[in-house]
Amino acid sequence: MQQDPDLIARTANELVGDLNPQQAEAVQYRGPALLIGAGAGSGKTRVLTRRIAYILSQFGAWPSQILAITFTNKAAAEMRERLAALIGPVAERMWVSTFHSACVRILRRDGKSIGLDSGFSIYDTADCERLVKLIAADLNIDVKRYTPRAILSRISDYKNNLESWQDKLREQAPDYRPGQRGYQIGNPGNAEALYAVVYAEYQHRLAAANAVDFDDLIGRTVELLRRDPAVADYYRHKFRYILVDEYQDTNHAQYVLIRELAGVDAAKGMPALANMPYAGREGQAWITVVGDSDQSIYAFRGADIRNIQDFEQDFPNAKTIMLEQNYRSTQTILDAANAVIAHNEGRKPKKLWTALGKGEPIVGYAADNAQQEAAWIAGEIARLHGEENIAYSDMAIMYRANAQSRSLEEALINAGLPYQLVGGTRFYERREIKDAIAYLQGIVNPADDVNMRRILNVPKRGLGARAEAIVAGYAETNTIPFYAAIERLDSIEGVPTRTANQLRAFRDLMDGLRKFAADPANRPSDIVAEVLSKSGLLDELKKSEDPQDASRVENLSQLQSVAAEFEQNTPDATLAGFLETTALVADSDQLPGEGEDSGKVTLMTLHTAKGLEYPVVFLTGMEQGTFPHSRAMEDASELSEERRLAYVGITRAKRRLYVTRAAVRAQWGQANEMMPSQFLDEIPDGLIDWKRREAGVERMRANWSNGGFDDDEFGGWGDDDFGGTDIRRFDVRFGVARGIGIRFRVRIVWFDVRRLVIRLLLRFVRIVLRFVVRVGRASVRCRRRLALAWRFRDRLPVRFGRSLRIRLVIRQFVVRVELVVAQRTRHHAPCRAENTGSSSAAGTGAPRDNGLNIADFHVGDRITHDMYGLGTIVDTLDKGAKSVITVDFGSAGTKRLMLSRAPIEKL
DNA sequence: GCACCTGAAATTTTT
DNA sequence: TTTCAGGTGC
């Protein structure tokens with residue numbers, strides 16, 4: 001046994017005593033290759049951590065001999081945490097990480113032998129797209145026909161399958177030399193050749209910039225292991241036990257990586273390994289993979305389900321253990337999941353079971369539209385919280401695509417429920433953050449052309465496309481990096497004086513920053529602060545009048561906090577290390593860890609939800625075209641993947657599952673009728689308790705059909721449709737007017753009208769325009785006009801969010817006016833007084849308590865009032881439900897308002 | 001070089 | 001409905 005003070009040795013009984021027979025067998029199994037087929041909720045993380053502990057304390061392995069791989073940082077962190085609880089602080093010294101960060105670590109250490117300097121940059125999707133665009137421009141590629149995205153996805157496919165650019169070039173375009181200038185693609189119709197050329201050029205430029213993309217992290221590590229026997233030996237010697245979580249989501253490159261690391265093929269000639277009590281120090285490392293082929297939902301990203309299906313053939317002497325007892329959900333939920341997944345063909349039959357009993361039925365709800373669906377869910381959440389005392393953090397709302405989150409968010413805000421949205425636009429993808437990071441990358445890696453070119457004119461310093469082209473041309477002629485060309489500015493000919501001065505200033509700026517960063521006394525957060533102030537990024541945003549920029553400033557300061565936090569958690573924090581963590585974050589990493597109670601309802605996509613569980617789960621948007629997604633409905637294999645996604649979604653629920661759908665869903669402004677999802681039909685009818693089986697529209701439709709009417713006679717269901725009339729479409733736009741703090745952009749999007757009165761309406765439009773534009777200027781008189789406009793809210797479909805829509809109905813004509821209001825920071829779910837649960841009812845006329853809380857209002861706050869417009873609070877009076885605020889509305893006078901009744905909105 | 005205007009495209013899912 | 005990229009005029 002090892003004598004490691006940081007390791008708590010566990011007895012076999014401690015590790016398997018409380019497990020079921022299959023779990024115990026999996027933990028204790030001795031052999032070179034083990035596949036644990038772990039159904040949803042079967043305790044797989046538990047088995048994995050126990051097995052690691054078992055390997056350490058019973059096989060006598062060193063912690064450093066273990067490599068445990070997961071897909072997300074969060075999963076890795078959680079495993080490390082659980083391990084620490086089980087075996088002590090030694091867990092911190094083990095390699096428990098994602099594929100990507102493990103590879104970064106290997107490449108940083110040993111990448112030199114394949115030409116990667118250890119300070120390499122990691123390009124995210126946006127960076128890669130920029131690079132492809134640059135290449136496309138140089139090669140005269142028609143980006144309408146070949147979008148950078150499509151090219152990138154092809155390149156990604158090549159990489160996931162470990163097809164090298166050299167091979168592709170040899171096959172498709174043997175006359176091309178990467179880096180060659182003035183090359184014209186012979187036949188632009190030859191897509192394969194084009195992809196090959198761009199792929200080669202892309203890799204060439206990545207190499208020149210000392211950069212890699214996400215796929216390269218895996219692919220180049222494989223390359224390293226194959227090309228450098230010394231390196232391969234080192235890692236094969238080091239890692240004697242390799243464990244991989246979510247194995248069904250591995251792609252070919254990851255599969256090969258595991259094989260190479262374990263030395264499976266290198267060990268083939270060696271003496272037989274079977275019946276060894278532990279992995280030993282030579283030969284193939286022992287591999288444990290855990291996965292569930294029914295939860296494979298990343299095929300679109302190259303994951304190859306065959307990796308798990310063929311495991312037994314791929315690895316000699318492989319053993320499979322299936323875990324089918326579920327500890328998470330009720331039998332009803334499992335029955336639904338089993339029934340749905342059974343519709344997939346060609347899978348190994350598997351039936352999850354539980355000892356937890358039948359539980360509550362699944363609840364179904366068919367809404368008229370997305371807003372109503374969301375409102376009903378919000379009402380239900382309020383009810384569950386109020387009546388059944390279920391914590392908000394125990395409830396999650398899931399959907400197929402991020403775009404669906406908006407209506408749900410709005411409903412939760414309206415109902416005053418706290419929520420947290422996971423995913424969507426990520427922090428590190430925000431423009432201002434990317435700009436700041438680009439500076440940091442430029443400091444660490446001056447050869448990084450993509451990031452250098454990004455910041456050349458950010459913030460604006462008079463270095464436009466022209467200047468960039470001059471520098472880029474010089475760099476290309478001399479085959480030096482972009483920034484190196486700037487450093488040699490004086491030898492570039494034909495640079496206008498002004499441009500030269502600006503370039504010099506930029507060079508001095510970057511040099512200064514690099515010197516600052518090089519000083520060991522300056523920590524990453526100091527460097528971030530220095531970059532933000534010296535570059536002018538912060539100043540530009542602070543000066544800006546655009547209210548969105550205010551939140552950008554906040555984001556930048558948050559970046560600094562993140563850096564500071566990084567320093568706290570990392571012993572030798574370097575700037576490069578910080579950049580690495582920012583490059584490899586995932587959506588799910590924002591989720592609170594185990595045991596932390598956020599106190600909020602969680603909203604996320606089904607993909608993000610994988611691996612999580614909640615007592616109450618709402619599966620929303622159960623419609624054909626939404627889920628399964630329209631792009632996946634035709635192809636049988638893609639439909640199977642959608643079904644697996646449904647399986648994942650259903651099995652997230654522990655106690656209660658809700659399935660909801662909307663009969664009409666608007667996608668980019670167009671309302672569409674949606675059929676119920678086929679997955680709903682695949683759930684046995686008896687399991688679902690429908691609170692509302694048919695949407696209102698559908699019921700009406702059914703009635704009319706029964707009465708012998710044809711649907712068409714009633715025209716469409718769009719609310720702006722004048723069935724049968726001659727409809728003309730106009731698009732009148734008006735420019736931007738800057739108000740005080742708020743920017744209005746006004747445009748008449750379209751209006752429908754009978755041909756005869758077009759001219760009349762055009763005149764009307766002009767009036768409307770004048771009216772609204774004045775509002776934009778926010779002169780005193782116009783505040784009242786704005787107030788007038790706001791009064792339409794009650795009668796008309798108006799929505800709050802980034803934009804405010806107002807529809808004016810004048811006699812039988814419809815004119816839609818759109819006011820785009822750039823808001824200040826968006827407040828998520830303000831804390832309001834306790835919710836009665838009645839807020840789900842759709843707008844009924846009677847005035848009722850608006851749920852505003854006096855605690856949220858302070859003297860000096862800005863509000864808007866439906867009647868009086870914008871105003872400033874001059875006094876507040878706390879009298880509980882009868883609180884009164886006094887507001888100065890400028891020329892409209894100063895008013896005292898009953899808070900609970902006033903039609904006001906805080907800004 | 002920049003600000004503004006206009007048409008067109010976008011929504012699957014992500015390390 | 002929103003965002004983006006390319007074109008145009010100052």
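Below, chains carry the letters A, B, ... as their sequence lines are ordered, and counting in each starts from 1.
Around atom CZ of Arg306(A), no more than 12 heavy atoms belonging to other residues, nucleotides or ligands sit under 6.0 Å away.
Put simply, Asn251(A) has no side-chain N or O that comes within less than 4.0 Å of OP1 or OP2 on dT15(B). The shortest distance between the side-chain N/O atoms of Thr605(A) and the OP1/OP2 oxygens of dT14(B) is below 4.0 Å. Phosphate contact (OP1/OP2 of dT14(B), side-chain N/O of Thr125(A), threshold under 4.0 Å): absent. Distances shown here put every side-chain N or O of Asn73(A) at or beyond 4.0 Å from the OP1 or OP2 atom of dT15(B).
Salt-bridge check for Arg220(A) with Glu223(A): passed, with a basic side-chain N closer than 4.0 Å to an acidic carboxylate O.
Using the six-membered ring where Trp is involved, Phe679(A) and Phe627(A) have ring planes that are perpendicular, over 60° apart on the 30 and 60° scheme.
Of the candidates dC2(B), dA5(C), dT15(B), the closest approach to any side-chain atom of Lys133(A) belongs to dA5(C). Taking every side-chain heavy atom of Phe214(A) into account, dT15(B) is the closest of dT14(B), dT15(B), dG1(B). Nearest to the side-chain atoms of Arg466(A) among the listed nucleotides dG1(B), dC2(B), dT15(B) stands dG1(B).
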Between the protein and nucleotides 9-11 of chain B, list every N/O to N/O distance that falls short of 3.5 Å.
from    : atom 1 : to        : atom 2 : distance (Å)
dT11(B) : OP2    : Arg149(A) : NH1    : 2.8

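Using a 4.5 Å heavy-atom threshold, the side chains of Phe71(A) and Asp245(A) count as separate. Here the side chains of Thr602(A) and Gln420(A) are in contact, with some heavy-atom distance below 4.5 Å.
Ring stacking is absent between Phe99(A) and dT15(B), as the pair misses the limits of under 5.5 Å between centres and under 30 degrees between planes.
Closest approach of Ile308(A) and Asp292(A) over heavy atoms only: CD1-N, 3.8 Å.
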